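First comes the structure, then the notes that go with it.
Given the structure is predicted, the values throughout are model-derived calculations rather than measurements.
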Amino acid sequence: MGLLENKDDLMELVDKLNFEQKVNRSLALIKEAYGKYGDRLVVANSLGKDSMAVWDLAKKVSPKIRGFIVTTRFKPKETIQFMKEMVARYPELSVYKNDEEIPDKLYEIVPDKCCYMLKVLPTRQAIEEMNVECWVTGLRCTEGRTRTDFREVEERDKGLIKLNPILIWKEREVWEYLALNGVRVNPLYAQGYRSLGCEPCTKITSEEDERAGRWVGTSKCGGECGIHTRPLKVNIDGDGI
Ligand code: SF4
């Protein structure tokens, strides 16, 4: 049985495996999936620290692996600048953005709808246009309350595999990997952010939960934008929010 079919107790592995073992497991997962899906394996790069680690791991498996970035009109200027530098360095990264008109301050009124329009829809578009069969993410099960029940390999949408190769990494192990491999990160981390998103919905906090600074003051606080929870295949339409 390959690693892609593993039934391991992931919460146990979070503490049981050391840093080197986790890196090797992540590389093996990406390598096996790339062997299986080839060019239809694509990395979703949010430009956050976890995505940067996954992107670097994927590039070690094959420099040819493609990726996509979903950006929005509300991303901080530092993130936009960082994105431009990344795309210039890696032309195999495609950028998706929804410029459709939306109501003013939708992020305050109905943040779920705003995320659906600006994040979920362009992600669906990327998956469709790039002919993706397996998308690779930087999800980690220790990031916060909404991320504890994911698996390393999932098929939430029929016909679309999601690979979460650093699922069992701790926050400090991500930083360890980035430092040891000389991977550049978004300069906003130097200001104290631990999880990056759109400007109006991201705050610096000292809470234990890594995603506590996301959507502060709304029912979505510490939650999800929807790309990991909503259907992504365009033939399976969601409920519109
Ligand atoms: S993070 Fe905020 S601004 Fe960005 S898409 Fe979601 S609700 Fe809108």
Side-chain angles (χ1 to χ4, degrees), residues 43-59 67-91 93-99 102 105-108 111-112 114-115 117-120 122-123 126 136-147 164-167 169-218 220-228:
V43 177
N45 190 333
S46 73
L47 302 169
K49 65 187 190 311
D50 309 296
S51 283
M52 293 310 299
V54 169
W55 183 246
D56 192 77
L57 288 162
K59 293 284 116 180
F68 69 85
I69 294 168
V70 168
T71 191
T72 79
R73 66 200 77 180
F74 297 118
K75 290 285 182 183
K77 61 178 187 325
E78 292 87 347
T79 302
I80 300 292
Q81 180 56 32
F82 186 61
M83 178 181 79
K84 285 181 183 162
E85 290 164 19
M86 284 293 290
V87 173
R89 181 171 173 196
Y90 300 104
L93 271 174
S94 302
V95 177
Y96 287 84
K97 182 174 179 233
N98 183 0
D99 284 321
I102 59 169
K105 302 217 167 171
L106 186 59
Y107 51 79
E108 272 180 19
D112 275 334
C114 188
C115 277
M117 302 280 297
L118 303 189
K119 291 187 170 179
V120 178
T123 304
V136 187
T137 87
L139 274 180
R140 292 182 13 259
C141 62
T142 57
E143 265 180 293
R145 61 177 172 80
T146 58
R147 299 206 162 173
N164 304 314
I166 63 163
L167 192 70
W169 291 29
K170 294 177 184 172
E171 185 181 19
R172 71 162 169 75
E173 290 165 330
V174 175
W175 286 115
E176 200 173 342
Y177 179 88
L178 297 169
L180 290 171
N181 289 276
V183 181
R184 275 194 58 223
V185 293
N186 189 320
L188 285 172
Y189 285 113
Q191 293 180 21
Y193 290 95
R194 287 171 71 204
S195 176
L196 300 178
C198 294
E199 195 157 21
C201 305
T202 310
K203 301 270 180 290
I204 297 173
T205 70
S206 50
E207 303 281 321
E208 188 68 26
D209 188 330
E210 205 176 318
R211 290 175 62 81
R214 308 290 293 273
W215 300 285
V216 173
T218 76
K220 205 172 163 68
C221 186
E224 294 289 331
C225 69
I227 67 165
H228 296 299

Working to the nearest 0.5 Å, report the span between OG1 of Thr137 and CG of Asp50.
9.0 Å
Leu118 CG to Thr123 OG1 distance, which is reported to the nearest 0.5 Å
10.5 Å
Rounded to the nearest 0.5 angstrom, the SG-CE distance for Cys115 and Met117 is 12.0 Å
Across all chains, not counting sequence neighbours, the side-chain hydrogen bond (donor to acceptor under 3.5 Å, both in side chains) partners of Asn181 are Lys60
Test your reading of the model: is there a side-chain donor-acceptor pair from Tyr189 to the backbone of Lys49, 3.5 Å cut-off?
yes
Which pair of heavy atoms, one from Gly197 and one from Pro76, lies closest together, and at what distance?
O-CD, 3.4 Å
Side chains of Trp175 and Val185: closer than 4.5 Å at any heavy-atom pair?
yes
Taking side chain to side chain contact (heavy atoms under 4.5 Å, CB included) as the definition, give me every residue that meets it alongside Pro122, ordered by chain and number, with sequence neighbours left out.
Val70, Tyr96, Asn98
Taking side chain as C-beta onward, heavy atoms only, is Gln81 less than 4.5 Å from Pro187?
no
Would Ile80 and Thr71 count as a side chain to side chain contact (heavy atoms under 4.5 Å, CB included) if you check the C-alpha gap in whole Å, the side-chain angles of each, and the deciding distance to 0.1 Å?
CA-CA 8 Å; Ile80 300 292; Thr71 191; 3.7 Å; yes
With Lys75, which residues qualify under salt bridge (charged side-chain N to carboxylate O under 4.0 Å, His left out), at least two apart?
none
Assess whether side chain to side chain contact (heavy atoms under 4.5 Å, CB included) is satisfied between Lys119 and Thr72, documenting all intermediate values.
CA-CA 7 Å; Lys119 291 187 170 179; Thr72 79; 4.1 Å; yes
One should read off an interatomic distance between Lys105 NZ and Cys114 SG, to the nearest 0.5 angstrom, of 12.5 Å
Close side-chain approach of Met52 to Asn45, heavy-atom, < 4.5 Å
yes
What residues, two or more places apart in sequence or in another chain, satisfy side-chain hydrogen bond (donor to acceptor under 3.5 Å, both in side chains) together with Arg184?
Glu85
Is there side-chain contact between Thr79 and Leu188, with at least one heavy-atom pair below 4.5 Å?
yes
Regarding Tyr177 and Asp56, do their side chains bring together a donor and an acceptor under 3.5 Å, going by distance alone?
yes
Quick one: salt bridge (charged side-chain N to carboxylate O under 4.0 Å, His left out) partners of Glu173, sequence neighbours excluded?
Lys22
Considering all heavy atoms, the nearest Gly192-Ile204 contact:
O-CG2, 3.6 Å
Going by heavy atoms in the side chains, are Glu78 and Asn186 under 4.5 Å from each other?
yes
Over all heavy atoms of both residues, which pair between Ser51 and Ala44 is shortest? Give the atoms and the distance, please.
OG-O, 3.7 Å
Taking all heavy atoms of Ala53 and all of Val174, pick out the closest pair and write down the distance.
CB-CG1, 4.3 Å
Results of side-chain hydrogen bond (donor to acceptor under 3.5 Å, both in side chains) for Trp55 - residues two or more places apart only
none
Return the SG to CZ distance between Cys201 and Phe74, rounded to the nearest 0.5 Å.
8.0 Å
Considering all heavy atoms, the nearest Leu47-Met83 contact:
CD1-CB, 3.4 Å
Search all heavy atoms of Lys59 against all heavy atoms of Tyr90 and return the closest pair with its distance.
CD-CE2, 4.0 Å
